[in-house]
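The figures that follow rest on heavy atoms only: side chains count, while hydrogens, waters and symmetry mates do not. As the structure lists them, so they are numbered: ligands from 1, and atoms in each ligand from 1.
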Amino acid sequence: MKKEYLKKENQIAIKKAVNSSLENRQKFFKSQNIEENQYKEKMTAIRKKPFEDFEKNLKMAKENFKKRGFKVYEAMDAKEARNFLNKIIGKNKKISSSKTNTGREIEIKKVAEKFDWSETDLGDFIVKMFKETDEHFVLPAIHITAEMIVEKIKQIYKEDIEADPEKLTHYLCQKIREKILRAEVGVTGANFFTQAGQVILLENEGNISLVSRLPKKHIVLCGIDKITESVEDAVKLCQTAAIFGTGQDITQYISIISGPSKTADIENQLVEGAQGAQEVHIILVDNGRREMIKRGFGDILRCINCGSCINFCPVYNQKGSQYGNDGYIGSKGIVFEAVQKGLKQAQQVGSHNCNLCDSCYRNCPMKIALSEMVRQIREEQELKRIQSSANKEMLGKIKKDGNPFGGKSDEKIPDKLYCC
Ligand code: SF4
């Protein structure tokens, strides 16, 4: 059963993580003597460039991927993306994957359940131990405390580990490494890809580098919106994602993948498949993105998934991952749901929970006006008479009694009205 609100201890854990990321972000800008808003404007301009002639640039990226030895697929919807994934995995059984938001979006779990599939991001691994869902784009286990993990390890592995983040991390990373070492296929997302046909991946843990290099087959799954003009731009945006995601100045690793591993060390004959992956496949997912551009939600495609918008969202703070859709938490999830599944479904995942406070916009490095998009969705819903049960109730009371609270007597009407 879906939980409605986060428990107090989950809210406290989230607040702790969010506050430290904000402090780190502020410290970064202060130490570099950079004005935050100017920085945002500069990065937003960089991110906008490939969308100026999107189809042409995407075509160029696909052609360049092929030239570099990638196998390229374009999936129009989630089902087609899952079919490609199944087909590419083929007869292999042991799969390792790293965190991929596009994977969540296409319900990758429907593919994963058929294989011996292991998550390798520590946060995702922890969430899976608890049989829960991610509570954050960047920090999926943000709601789980060290004490809770200790208890879970006792239950699953019958071992007693101290409630110390360092000891717990080392213990669990060893378990994850064993899974990566035996994997035949590695599945990752992509933070960006370039028009010149390179995939850019950023990470802290080192699991993505291993997942993309050790198995013989590497499958990249990402939205068509991850396009950037150049590696230089992508690296700058990786830094932005780190600053606004966790408050780091840069992540520990950034990988640039330009195709399968290769060597010409024997008689100068080029051979594909050396120490890294022998095959690299990329599945580019549309799943409503072109439709978003047509319907006026195109700015959302600039999102770099830093998670900053939800960190300070009062609705997320109360509802956690229940606010948003299965792919994306928060208002981004509402917009994706409205376009991918419909206005009614958007209402069910929280379009009327948003209080339009604009905290997401103020914290977004890409200056994406998410609450404006939610407001547009509500307008479209209203035109189709799709309303929340609370709205319907209020409208009924206005019609009957002339006020949204019901009743005619003065004492039932508050002397102050709070309006968003
Ligand atoms: S909408 Fe903005 S703040 Fe939210 S994840 Fe995307 S880039 Fe980050």
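Here Asn305 has backbone heavy atoms under 4.0 Å from ligand 1, and that is the only part of it that gets that close.
Residue contact check: Gly307 has heavy atoms under 4.0 Å from atoms 5 (S), 8 (Fe) of ligand 1. Of all atoms in ligand 1, numbered sequentially from 1 with element shown, those under 4.0 Å from a heavy atom of Ile304 are 6 (Fe), 7 (S). Below 4.0 Å from some heavy atom of Leu370 lie the following atoms of ligand 1, by number and element: 1 (S).
Two rings, from Tyr73 and Phe84, have their centers less than 6.0 Å apart. In this structure, Phe193 has its ring center closer than 6.0 angstrom to the ring center of Phe65.
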>> Show, in sequence, the C-alpha distance, side-chain angles and deciding distance for Lys175 and Glu178, and conclude whether the salt bridge (Lys or Arg N to Asp or Glu O under 4.0 Å) test is met.
In response: CA-CA 5 Å; Lys175 297 270 173 226; Glu178 286 160 18; 5.1 Å; no
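A donor-acceptor contact closer than 3.5 angstrom links the side chains of Asn37 and Lys367.
Under the 4.5 Å side-chain criterion, counting only non-hydrogen atoms from C-beta, Asn287 is not in contact with Met76.
The nearest N, O or S atom of Cys306 is not closer to atom 2 (Fe) of ligand 1 than 2.8 Å. Metal site remark for atom 4 (Fe) of ligand 1: Cys364 contributes no N, O or S atom at a distance under 2.8 Å.
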